[in-house]
Amino acid sequence: MAQLWGGRFTKETDQLVYNFNASISFDKKLYRQDIEGSIAHVVMLAKQGILTTEEKDAVIKGLTSIREELEDGTLEITEEYEDIHSFVEAKLIERVGEAGKKLHTGRSRNDQVALDMRLYTRAEILEIDLLLKDLLKELLSLMENNLETYMPGFTHLQKAQPVTLAHHLGAYFEMFKRDRERLKDIYSRMNYCPLGAGALAGTTYPLDRNYTASLLGFEGPTLNSMDSVSDRDYLIEFLAAMSTIMMHLSRFCEEIILWNSNEYRFIELDDTYSTGSSIMPQKKNPDIAELVRGKTGRVYGTLVSLLTTMKGIPLAYNKDMQEDKELTFDAIDTVKGCLALFTGMLKTTKFNKEIMAKSAMNGFTNATDAADYLVGKGVPFRDAHGIIGKLVLYCIEKQTGIENLTLEELKAVSPVFEADVYEAVSLKTCVEKRLTLGAPGSEAMKEVIGLGKKYLESEWAKTSDSICF
Ligand code: ARG
């Protein structure tokens, strides 16, 4: 046991208590951020005359060597330390002696951990954003290539009206675009530096919090020291955004599973993204899509857990907050893994265009257009709806589609029908006539794809970067 706070104690901590309390097994992930924050802190301390230049240089040298050795594997994080902060500080003192003991001047682990977690989450937001961008690029290229790949659009999982694959995928393009917007918002809201808040009430040293914040690439320092050490709102909204990404992926996975089923056969997943059965030789299962769908529950769990953890905590820091780490790390790892795998799966998926078009042709997806045809001939819509309803009933009995009826059969239901009805209810017409912005007609889709391209070209102008890395 190597603790930072032994002075006041006369007995050793019970081993079980120590293990229960310790966080090093998971917060070791924060070593880079911890070192980065310490470097910025010490640079500021020296600027303020709280540490000498020599002390600052010695500390930076020590911290940098710790980081390098952790990275090349010559130094290992061992669990005899309570947390990553204790580990780094102990190693620093081992290496640079007295100067190392001054690192923690004007700082508490409470503002230190608040900083580390913000730095970690901030960097991960950018990585997740890149993965979302890769997925959006793949979706846009599929959209461009499938403007005339017809398929049924569904409501209530019943065939409704024909759309195109481009249009269907375009719905997901919008969802993942919003997910990126959410990340961007969260990034800008959380980008304030808590360091200098101390344990809860600031410190008596003349710290320059603006300077530390700018060294670490933050917009500025946080404005209330109690809030600084006990705010986890940004993690809650981050986990909500992670949950929303998973919800979108999960809906998409559900469709992929349906489309890949023997009944639909709209798509065929690549062998590299499918799995077999140990007993049924014919099986090719969509396990990856199912796992992504399944892991959605796990990410939702992190959000609900953290919300619940935070709900009864009085100001300011309380140890409950240590629970934020494993939840957030798990959500990040899960979302990143799912996004990367999902994009790979999509890239290798084969779309059975003929089967999709055939499916769009049966199931009366052109019934609305047939009614609209009658409206064009002067029939009030409500009457047209009734006429086509009768026609559908007739077709169901005959096991055929409206487009396959003879003109005589059509005229028997309504004399208004003419030979031009066949063109009006063809699959192509049904899709191509839908030209309102956001509709599946290829001209309307081209406009949206153009906007999508522009959107992907415009980079998210990240406001900050830290100087230390
Ligand atoms: N491991 C702690 C956490 O993650 C670090 C802060 C400890 N502060 C304290 N006063 N015990 O929250």
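In listed order, ligands and their atoms are each counted from 1. Sequence positions, counted from 1, serve as the residue numbers for this chain.
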For [atom], which protein heavy atom lies nearest, and how many Å away is it?
atom: atom 6 (C) of ligand 1; value: Tyr317 OH, 3.5 Å
atom: atom 9 (C) of ligand 1; value: Asn110 OD1, 3.4 Å
atom: atom 4 (O) of ligand 1; value: Lys325 NZ, 2.7 Å

Met242 side chain reached by Thr328 side chain, heavy atoms, under 4.5 Å: no

Side chain proximity check, Ile267 to Ile256, heavy atoms < 4.5 angstrom: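 Touching, per the 4.5 Å side-chain cut-off.
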
Partners meeting side-chain hydrogen bond (donor to acceptor under 3.5 Å, both in side chains) with Arg180 (sequence neighbours left out):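 Checked Arg180 against side-chain hydrogen bond (donor to acceptor under 3.5 Å, both in side chains); matches are Asp129, Tyr455.
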
- prompt: Can you list the ligand 1 atoms lying under 4.0 Å from a non-hydrogen atom of Ser23?
  reply: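 Checking each atom against Ser23, I get 1 (N).
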
query: Who pairs with Ser278 by side chain to side chain contact (heavy atoms under 4.5 Å, CB included), at least two apart in sequence or on another chain?
result: none

- request: For residues Phe252 and Phe342, establish whether the separation of their ring centroids is below 6.0 Å.
  value: yes

- request: Could you name the option among Arg109, Gln322, Glu82 that has the heavy atom nearest to atom 11 (N) of ligand 1?
  value: Arg109

